[in-house]
Participant: 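Provided herewith is a single structure, encoded as structure tokens, for subsequent inquiry.
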Amino acid sequence: MSLARIKGQDKAIGLLRAAFESERLSHAYLFQGPDGVGKETTALAFAKALNCEEEGLSGCGTCASCRMAEGLSHPDIHLIFPVPGTLKPAERRELLVGYARDGYREQDFGRKTAIISVETVLSEVVAKSNQRPYLGPWKVFVLADADMMTTEAANTLLKTLEEPPDRTVIILTTSRPNALPVTVVSRCQKIPFASLGRDVVEEVLLADPRLGFDEARARAASLLAQGSVGVAVRTDKQGPMVDLKRVADLMVGRRTKDVASLVNEATGLAFRLGRTEQQRLLDLMLLWYRDVLKLSERGKEAATPHLLYSGHLAELTDTADAMDVETLGRLIDKVNDARRAIERYSNPTIVFTSVLLDMAVARKETATKRGINHAA
Ligand SMILES: [Zn+2]
């Protein structure tokens with residue numbers, strides 16, 4: 001990837017270009033912004049461009065340096081990312097090879113917690129930053145998800161940040177800058193990254209052949225991605241999408257007609273689905289309401305190409321006609337709360353009963369109001 005081809009991050013890239021052109025590169029940068037919006041891609045593209053044999057920041061993609069950078073095998077460009085402490089060096093190399101090939105870095109290690117350990121910082125950053133560049137001109141260290149550094153690792157890195165070696169750029173990326181020690185953050189120049197629009201996510205998915213998206217899948221994944229290419233790719237890799245019809249039935253109350261069926265459904269969701277699936281279901285519920293809002297705001301014709309539930313237009317239209325924006329806003333808040341509750345390991349039976357009940361009450365209120373309006 002070259003800097004010029006990165007989408008939706010003009011501000012961040014503009015700042016880097018300006019620093020390079022005025023020869024005022026910082027020794028350390030903190031790329032901060034939501035997950036999966038291109039922080040790591042930009043960091044690697046910047047590292048490649050700095051070392052490109054061509055003039056300026058072109059990152060030509062054809063010189064020897066660029067080709068090595070793209071294969072993640074450049075001796076002066078070091079990518080460090082969180083892995084389980086038990087991972088062997090050979091397994092880590094395998095991950096890198098897979099990343100270079102697929103454009104996707106595996107972040108799910110099941111039950112094992114991924115960290116950036118002090119040993120990794122010592123061997124991959126401290127030791128290597130004290131060597132001269134092999135090919136030059138720049139040594140670049142990219143620490144992806146730097147907030148996953150252990151305290152010891154962060155303290156060790158801090159010493160390098162305080163006395164930065166020559167011709168070295170250290171780039172930390174994070175979606176949680178507050179989880180990094182203030183002492184580390186204060187040594188870095190901050191570069192903000194923005195959320196991506198749905199169409200940009202779709203464009204990025206289609207632009208990178210390594211990701212292997214066709215148009216239909218790119219559209220569905222981008223609708224679920226909430227502004228993050230990373231989320232879109234992960235969603236797609238997790239296999240077939242949750243059945244949208246099932247979610248639609250849930251949203252219009254076909255599965256929760258009375259209190260007994262509602263409790264039944266909530267219990268089923270709590271026991272049948274794992275935590276990740278529960279979160280995904282709540283995301284899909286949010287997207288239902290988002291679709292309803294889009295329909296209300298833009299009308300059927302303009303909204304349809306942007307709807308995830310375009311196969312359920314009649315039900316969406318019913319909801320859009322029946323509910324005012326306030327009620328919708330309230331339900332969206334409820335589903336968001338439920339998602340956070342699941343994240344914090346709250347009891348899923350209680351969470352789902354509560355959210356399904358809120359939805360049923362809102363539907364009933366709306367129906368009553370409508371009844372009154374019809375009567376009048
Ligand atoms: Zn080049």
Side-chain angles (χ1 to χ4, degrees), residues 33-37 82 107-114 145 147-148 174-179 195 221 223-228 230-232 234-235 237-239 241-293 308-309 316 319 323-366:
D35 265 329
V37 298
Q107 296 176 51
D108 185 1
F109 298 98
R111 285 164 183 274
K112 292 183 189 151
T113 312
D145 298 325
D147 50 274
M148 301 306 282
T174 183
S175 58
R176 304 184 307 147
N178 294 335
S195 262
L223 280 159
L224 284 168
Q226 305 185 28
S228 160
V231 172
R234 228 170 300 145
T235 306
K237 290 219 182 268
Q238 277 163 358
M241 306 252 289
V242 176
D243 183 359
L244 291 185
K245 179 174 185 311
R246 223 188 132 77
V247 183
D249 284 352
L250 197 62
M251 300 314 279
V252 296
R254 270 199 281 273
R255 306 185 74 88
T256 54
K257 282 189 193 313
D258 49 45
V259 175
S261 61
L262 185 152
V263 172
N264 206 8
E265 183 69 25
T267 316
L269 296 174
F271 284 95
R272 250 192 350 264
L273 304 180
R275 210 163 61 95
T276 312
E277 286 168 303
Q278 287 168 353
Q279 287 175 330
R280 204 143 162 231
L281 173 66
L282 290 163
D283 285 343
L284 287 169
M285 289 164 71
L286 280 177
L287 286 162
W288 170 272
Y289 287 129
R290 211 199 288 174
D291 275 7
V292 172
L293 279 175
L308 176 64
Y309 293 90
L316 281 177
T319 316
M323 277 190 196
D324 53 37
V325 177
E326 251 167 68
T327 311
L328 273 173
R330 213 173 62 226
L331 287 174
I332 289 173
D333 288 346
K334 297 273 184 196
V335 180
N336 264 321
D337 288 347
R339 202 188 184 290
R340 275 194 290 273
I342 295 290
E343 249 171 46
R344 289 193 307 255
Y345 295 90
S346 297
N347 179 327
T349 310
I350 296 175
V351 172
F352 277 107
T353 307
S354 158
V355 76
L356 292 183
L357 193 63
D358 285 329
M359 283 159 48
V361 170
R363 275 196 301 270
K364 195 154 184 208
E365 277 174 9
T366 312

Participant: Taking atom OG1 of T267 and atom CD1 of I350, what is their separation to the nearest 0.5 Å?
Facilitator: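 Taking OG1 in T267 and CD1 in I350, the distance rounds to 11.0 Å.
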Participant: Which pairs, with at least one residue in residues 344-363 and sequence neighbours excluded, count as a salt bridge (Lys or Arg N to Asp or Glu O under 4.0 Å)?
Facilitator: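 Sorted pair list: K334-D358.
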Participant: For R275 and Y345, indicate whether the former's side chain and the latter's backbone hold a donor-acceptor pair under 3.5 Å.
Facilitator: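 The answer is no, because no donor-acceptor pair under 3.5 Å joins these two groups.
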Participant: With sequence neighbours left out, what residues match N264 under side-chain contact (heavy atoms from CB on, under 4.5 Å)?
Facilitator: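 Partners of N264 under the side-chain contact (heavy atoms from CB on, under 4.5 Å) test: none.
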Participant: So, applying side-chain contact (heavy atoms from CB on, under 4.5 Å) with F352, which one of N347, L269, L357, V263 is it?
Facilitator: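 Single side-chain contact (heavy atoms from CB on, under 4.5 Å) partner of F352 among N347, L269, L357, V263: L269.
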Participant: Please answer whether the main-chain N or O of M323 pairs with a side-chain N or O of T327 as donor and acceptor at a distance below 3.5 Å.
Facilitator: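 Here the side-chain-to-backbone pair does not exist.
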Participant: Could you state the interatomic distance from NZ (K364) to OG1 (T366), rounded to the nearest 0.5 Å?
Facilitator: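 Here the rounded value is 12.0 Å.
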Participant: For a quick test of reading the model, state the closest non-hydrogen atom pair linking M359 to L250 and the distance between them.
Facilitator: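 That would be CE-O, 3.8 Å.
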Participant: Which heavy atom of F109 sits nearest a heavy atom of A114, and at what distance?
Facilitator: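 Shortest heavy-atom separation between F109 and A114 comes out as CD1-CB, 3.9 Å.
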Participant: Quick check: does any side chain N or O of S346 sit under 3.5 Å from a backbone N or O of A341, one acting as donor and the other as acceptor?
Facilitator: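 Confirmed, S346 side chain pairs with A341 backbone.
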Participant: When rounded to the nearest 0.5 angstrom, what is the spacing between CD in E277 and CG in L284?
Facilitator: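 Spacing of CD (E277) from CG (L284) equals 11.5 Å.
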Participant: If I take atom CG from residue L286 and atom CG from residue L308, how far apart are they, to the nearest 0.5 angstrom?
Facilitator: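 The distance works out to 12.0 Å.
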Participant: State, to 0.1 Å, how close S175 and D35 come at their nearest heavy-atom pair, and which atoms those are.
Facilitator: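 That closest heavy-atom pairing would be OG-OD1, 3.5 Å.
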Participant: What is the distance from atom CD of E265 to atom CZ of R246, rounded to the nearest 0.5 Å?
Facilitator: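 Between E265 CD and R246 CZ, I get 5.5 Å after rounding to 0.5 Å.
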Participant: Show me the pairs that pass side chain to side chain donor-acceptor pair (under 3.5 Å) and involve residues 281-291, at least two apart or across chains.
Facilitator: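 Qualifying pairs, neighbours excluded: D283-R339.
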Participant: Backbone N or O of A225 within a donor-acceptor pair of the S228 side chain at under 3.5 Å?
Facilitator: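 Absent.
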Participant: What are the two closest non-hydrogen atoms of S195 and P34, and how far apart are they?
Facilitator: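 Heavy atoms of S195 and P34 come nearest at OG-CG, 3.7 Å.
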Participant: Rounded to the nearest 0.5 Å, what separation is found between the CD1 atom of I342 and the CG atom of D337?
Facilitator: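 One gets 12.0 Å once the value is rounded to the nearest 0.5 Å.
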